[in-house]
Amino acid sequence: MNAPPTLRPITLEDKYSIERGTVFLSAIQALVRLPMLQRSRDARAGLDTAGFVSGYRGSPLGGLDVALARARAHLERHRIRFQPGVNEDLAATAVWGTQQVGLFPGARHDGVFAMWYGKAPGADRSGDVFRHGNAAGAARHGGVLLATGDDPAARSTTVADQTDLLYEALAIPVLAPASVQDVLDLGLHGFALSRFSGCWVALKLVADVAESSAVAAIDPERPAIALPDDFTMPAGGLNIRSP
C-alpha cells in the first residue's frame with residue numbers, strides 16, 4: 001500500500017508568498033495581502049507602481065498594524081511601504097501625499113496606491129483630510145482605499161458607530177465586504193474605482209467580518225474588473241492635477 005501523503009500546515013509565510021491558490025486567511029490577513037495583490041495586478045498590466053499603507057490601530061482592526069509589521073518583508077518585496085501613523089489624520093495626510101507623486105518631476109514610479117486604516121472615531125477626526133483629499137482626486141495609477149472598522153454594537157467604543165453617513169457627506173463611495181473573500185475582491189475593485197473616478201473609496205468592515213476567518217482564493221487575475229465604456233471623461237480627466 002502507498003503511504004498516505006504528508007500534510008504540511010500552511011504557515012504565515014505561505015499566506016503571503018503563495019501567488020495563486022486557496023489559503024485560510026483572517027480578514028486582517030486579507031487586508032495585509034490586498035496591496036500585494038494590487039501590485040501583482042499592476043505588474044501584469046505593465047505598470048511600475050508602488051504601495052503605501054498607514055493608519056492608526058483600533059478595534060475591530062486592532063491587530064492590523066501588528067500583522068502588517070510581521071509581513072513587512074513580503075510588503076517590501078512588492079514595493080509597499082508600511083508606516084504606522086502617529087494618529088489617524090496624520091496617516092491620512094501622508095496617504096494624500098502619495099497621490100501627488102506624479103505632479104512633480106523626478107517620480108520613480110507610474111503611481112503609488114495607498115491604503116489608510118482606522119476605526120470609525122478615527123475616520124471622524126480625519127474628515128477634513130478625507131474631504132480635501134477626495135476633492136483633490138486620486139492619481140490615475142495610484143488610488144486610495146480607506147479600510148474602516150465600524151462598531152455598530154458598541155463592543156469596543158463608547159458609543160455605537162458607523163461611517164456610512166460620514167462618507168456619504170464627504171462624497172466617498174463605500175464598499176461593504178461580507179466575507180474574507182470580499183475583502184480581497186472588493187478591495188481590488190475599490191482601487192480600480194478610485195483610479196477611474198478620482199474618488200477616495202471606503203472599505204467598511206463591521207466587527208463580524210473583521211474578526212472572521214475563511215478559505216479565500218488568491219489569484220492576481222481575480223476578480224475580472226471591467227471599466228465603464230459608456231462614459232466620456234471631461235477635459236483634463238477626473239484625477240488629481242496641479243494646481
Side-chain angles (χ1 to χ4, degrees), residues 25 27-42 44-45 47 49-55 60-61 64 68 75 78 80 82 88 91-92 94-96 98-99 110-120 122-123 126 129-131 133-150 162-164 166-168 170-206 209-210 216-228 231 238-240:
L25 293 172
I28 296 299
Q29 291 168 342
L31 283 174
V32 176
R33 189 65 200 253
L34 174 59
M36 302 183 207
L37 282 173
Q38 182 60 52
R39 168 68 188 126
S40 296
R41 290 173 70 95
D42 285 344
R44 288 170 175 268
L47 291 176
T49 61
F52 180 76
V53 181
S54 188
L61 302 182
L64 180 55
L68 287 162
L75 293 168
H78 286 82
I80 299 165
F82 166 51
E88 295 90 345
V95 163
W96 185 6
T98 65
Q99 303 308 291
D110 296 333
V112 178
F113 56 90
M115 184 174 77
W116 175 93
Y117 63 89
K119 65 184 300 184
S126 303
V129 185
F130 288 172
R131 182 185 300 277
N134 185 52
R140 179 186 177 193
H141 297 311
V144 173
L145 196 68
L146 307 174
T148 310
D150 276 12
Q162 65 180 89
T163 51
D164 307 64
L166 168 67
Y167 287 131
E168 180 181 0
L170 301 177
I172 292 177
V174 178
L175 303 177
S179 66
V180 173
Q181 187 70 63
D182 277 356
V183 172
L184 298 173
D185 293 349
L186 291 184
L188 293 170
H189 270 99
F191 279 124
L193 171 59
S194 181
R195 291 176 174 184
F196 180 83
S197 67
C199 290
W200 291 23
V201 177
L203 191 71
K204 164 193 167 86
L205 292 102
V206 295
V209 175
I218 300 294
D219 188 343
E221 297 181 1
R222 175 197 172 124
I225 298 176
L227 298 180
F231 176 76
L238 297 171
N239 301 106
I240 193 169

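All of these numbers come straight from a predicted model, not from anything done at the bench.
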Counting C-beta onward and ignoring hydrogens, is there a side-chain heavy-atom pair between Leu203 and Pro177 closer than 4.5 Å?
yes
Smallest heavy-atom separation, Ala216 atom then Val180 atom, equals CB-CG1, 4.2 Å
For the CG atom of Leu238 and the CZ atom of Arg140, what is their distance to the nearest 0.5 Å?
12.0 Å
Between Arg41 and Pro220 (side chain of the first, backbone of the second, donor and acceptor by atom type, cut-off under 3.5 Å), is there such a pair?
yes
One should read off an interatomic distance between His189 NE2 and Leu145 CG, to the nearest 0.5 angstrom, of 12.5 Å
Smallest separation among heavy atoms of Ile28 and Ala210, with atom names
CG1-O, 3.9 Å
Over 60° means perpendicular and under 30° means parallel, so tell me whether Tyr117 and Phe82 are parallel, tilted or perpendicular.
tilted
Residue pair Gly190 / Val201: nearest heavy atoms and the distance that separates them:
O-CG2, 3.7 Å
Leu184 side chain near Ile218 side chain, heavy-atom distance below 4.5 Å:
yes
Using a 3.5 Å distance criterion without hydrogens, assess whether the side chain of Asn134 forms a donor-acceptor pair with backbone atoms of Ala171.
yes
For Arg222, which residues count as a salt bridge (charged side-chain N to carboxylate O under 4.0 Å, His left out) partner, sequence neighbours excluded?
Asp185
I need the full list of salt bridge (charged side-chain N to carboxylate O under 4.0 Å, His left out) pairs touching residues 110-119, with sequence neighbours left out, sorted by first then second residue.
none
CH2 of Trp200 to CD1 of Ile172: how many Å apart, nearest 0.5 Å?
7.5 Å
Could you go through the side-chain contact (heavy atoms from CB on, under 4.5 Å) check for Leu31 and Leu61 one step at a time?
CA-CA 10 Å; Leu31 283 174; Leu61 302 182; 4.0 Å; yes
So Val95 and Phe52, do their side chains get closer than 4.5 Å, heavy atoms only?
yes
Specify the closest pair of heavy atoms between Val53 and Pro35, including all atoms of both residues, with the distance to one decimal.
CG2-CG, 4.3 Å
Can you run down the side chain to side chain donor-acceptor pair (under 3.5 Å) pairs that involve residues 141-150, sequence neighbours left out, and say none if there aren't any?
Thr148-Tyr167, Asp150-Thr163, Asp150-Lys204
Please name the pair of heavy atoms, one in Val183 and one in Ala27, separated by the smallest distance, quoted to 0.1 Å.
CG1-O, 4.3 Å
Taking C-beta and beyond as the side chain, do Pro223 and Leu188 meet within less than 4.5 Å on heavy atoms?
yes
Whether Asn239 side chain and Gly137 backbone form a donor-acceptor pair below 3.5 Å:
no
Has the side chain of Glu88 got a donor or acceptor atom that lies under 3.5 Å from a matching backbone atom of Gly55?
no
Rounded to the nearest 0.5 Å, the OG1 atom of Thr49 sits from the CZ atom of Arg39 at a distance of 4.5 Å
Rounded distance [0.5 Å steps], CD in Gln38 versus CG in Leu47
9.0 Å
So, for Cys199 and Ala138, which heavy atoms are closest and what is the spacing to 0.1 Å?
O-CB, 4.0 Å
What's the spacing between Ile80 CD1 and His78 NE2 if we round to 0.5 Å?
6.5 Å
